Amino acid sequence: MPKILTPEEILCFRNRMCDHALTSFAKHGVEGISLRGLAADLSCSRTTPYRYFKNKADILAALRQREFGRIADKLEGALLQQSDSSRQLHALFRAYLQFAISYPDSYRVMYSVAQPDSDHYPELEAAIVRSGAPMRQVVVALVAAGKMYGEPVKICYLLWAGLHGLISLHLAQLLGNKQELEELAAVMVSSLTSAISTEPDKTRSE
C-alpha cells in the first residue's frame, strides 16, 4: 500500500518536481519536460510522479502558477514600500524588471508557454490575474486622480508591453548588459508615463 503523505510532504515533492521541470525547460524547452524524465531526475519510480500530476500539461500549469505567484509576491511587496501612486508605479516596474533579470527561466516559462486547456487550470488563471493586479490598482488610482488620461486597462497593456518587449530583447541577447537594460527601461517608462500623463488636446477631436 502506498504511503499516505501529509499535505506538507505533497507540497514539498510537487515543488521539487517543479524545480526539476524548470531546469529541464531551461535546457530543452517544453519538449524536455516529461514525467518519466522527472522521475529519473528525482531518483524515484516511474509511477511516482503520476501520484502528483496527470500529464505534462499539469506539471506546466503547476510550475507556471508557482512562478506567477512569485512575481505577484514581489510586485505586491514593491507596492507596499511606497504610498504615492506615481512612485508605486516606478517601484512596480523596477520589481518586475529585477524579477526577469534574476529569474530568466521563470520569466520565459511564464510568458512563452501556451498552456493547453488553460480553462482547466483556474488556480493558474487566478495567479496570472493576481500578478497583474498591482499595476491595475496603481493605474486606476492615477487615472482617478487626474494624473493619467485614458482607459486603465489599455494603459496597463501599453506599459506592460513596453517593458515586456525590452525584457524579451534582453533575454534574446539582443541588448547590452544589465545596466544598459535598466537605463533603457527607465527612459522608456518615463517617456510612456509622461505621454499618458499629458491631457489630450480636446480641440483635435472637434
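On a predicted model such as this, the values are computed, not experimentally measured, just so you know.
- In this structure, the side chains of Val187 and Glu183 stay at 4.5 Å or more apart for every pair of heavy atoms.
- Nearest approach of Val30 to Lys56, heavy atoms of both residues: O-NZ, 3.1 Å.
- When all heavy atoms are compared, the tightest approach of Cys18 to Leu63 is O-CD1, 3.6 Å.
- The existence of a salt bridge linking Arg64 and Glu67 is excluded, since no basic side-chain nitrogen approaches an acidic carboxylate oxygen closer than 4.0 Å.
- Dense packing is recorded around OH of Tyr149, with more than 12 heavy atoms of other residues, nucleotides or ligands lying under 6.0 Å away.
- Here the closest non-hydrogen pair linking Leu181 and Leu166 is CD1-O, 3.8 Å.
- Residue-environment remark: CD (Glu151) exceeds the threshold of 12 foreign heavy atoms within 6.0 Å.
- Considering every non-hydrogen atom in both Ile71 and Met110, the closest pair reads CG2-CE, 3.7 Å.
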#### Entry: Test side-chain contact (heavy atoms from CB on, under 4.5 Å) applied to Met148 and Thr193, step by step
CA-CA 8 Å; Met148 279 188 173; Thr193 53; 4.0 Å; yes
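- Follow the hydrophobic side-chain contacts under 4.5 Å out from Tyr50 and you never reach Leu11; the two are in separate clusters.
- Only one option out of Val139, Ile155, Val143, Leu142 pairs with Ile196 in a side chain to side chain contact (heavy atoms under 4.5 Å, CB included); it is Ile155.
- Between Gln98 and Glu182, the closest side-chain pair of non-hydrogen atoms falls below 4.5 Å.
- Remark: Ser190 pairs with no residue by the side-chain hydrogen bond (donor to acceptor under 3.5 Å, both in side chains) rule, at least two apart or across chains.
- Note: Phe68 and Tyr111 have perpendicular aromatic rings, judged against thresholds of 30 and 60 degrees for the angle between ring planes.
- With ring centers used as reference points, Phe13 lies under 6.0 Å from Tyr52.
- Using a 4.5 Å cut-off on side-chain heavy atoms (C-beta onward), Met17 and Pro49 make contact.
- When all heavy atoms of Leu75 and Ala95 are compared, the closest pair comes out as CD2-CB, 4.0 Å.
- Put simply, the side chain of Arg87 never gets that close to the backbone of Gln82: no donor and acceptor are under 3.5 Å apart.
- The closest side-chain heavy-atom distance from Ser24 to Lys27 is not below 4.5 Å.
- Checking side-chain atoms of Lys147 against main-chain N and O of Ser197 turns up no donor-acceptor pair under 3.5 Å.
- Nearest heavy atoms, Leu97 versus Ala185: CD2-CB, 3.9 Å.
- Under the 4.5 Å side-chain criterion, counting only non-hydrogen atoms from C-beta, Leu184 is in contact with Glu180.
- Under the 4.5 Å side-chain criterion, counting only non-hydrogen atoms from C-beta, Asp41 is not in contact with Arg36.
- Glu76 pairs by the side chain to side chain contact (heavy atoms under 4.5 Å, CB included) definition with Ala72, Asp73, Arg130, Pro134, not counting sequence neighbours.
- Between the side chain of Ser194 and the backbone N or O of Ser191 there is no donor-acceptor pair closer than 3.5 Å.
- Not one N or O on the side chain of Thr48 forms a donor-acceptor pair closer than 3.5 Å with the backbone of Cys44.
- Atom CZ of Arg46 has 12 or fewer neighbouring heavy atoms from other residues, nucleotides or ligands inside a 6.0 Å radius.
- Tyr96 places none of its side-chain heavy atoms less than 4.5 Å from the side chain of Met135.
- Of the charged side-chain nitrogens involved, at least one lies within less than 4.0 Å of a carboxylate oxygen, so that Arg66 and Asp19 count as a salt-bridged pair.
- At least one donor-acceptor pair under 3.5 Å links the side chain of Arg136 to the backbone N or O of Val129.
- With sequence neighbours left out, the ring pair (Phe, Tyr, Trp, His ring centres under 6.0 Å) criterion links Phe93 to no other residue.
- The shortest side-chain heavy-atom distance between Leu159 and Val189 does not fall under the 4.5 Å cut-off.
- Considering NE2 of His20 and CD1 of Ile59, their distance stands at 10.5 Å, rounded to 0.5 Å.
- Annotation: His170 is not in aromatic contact with Tyr107 [ring centroid separation under 6.0 Å not met].
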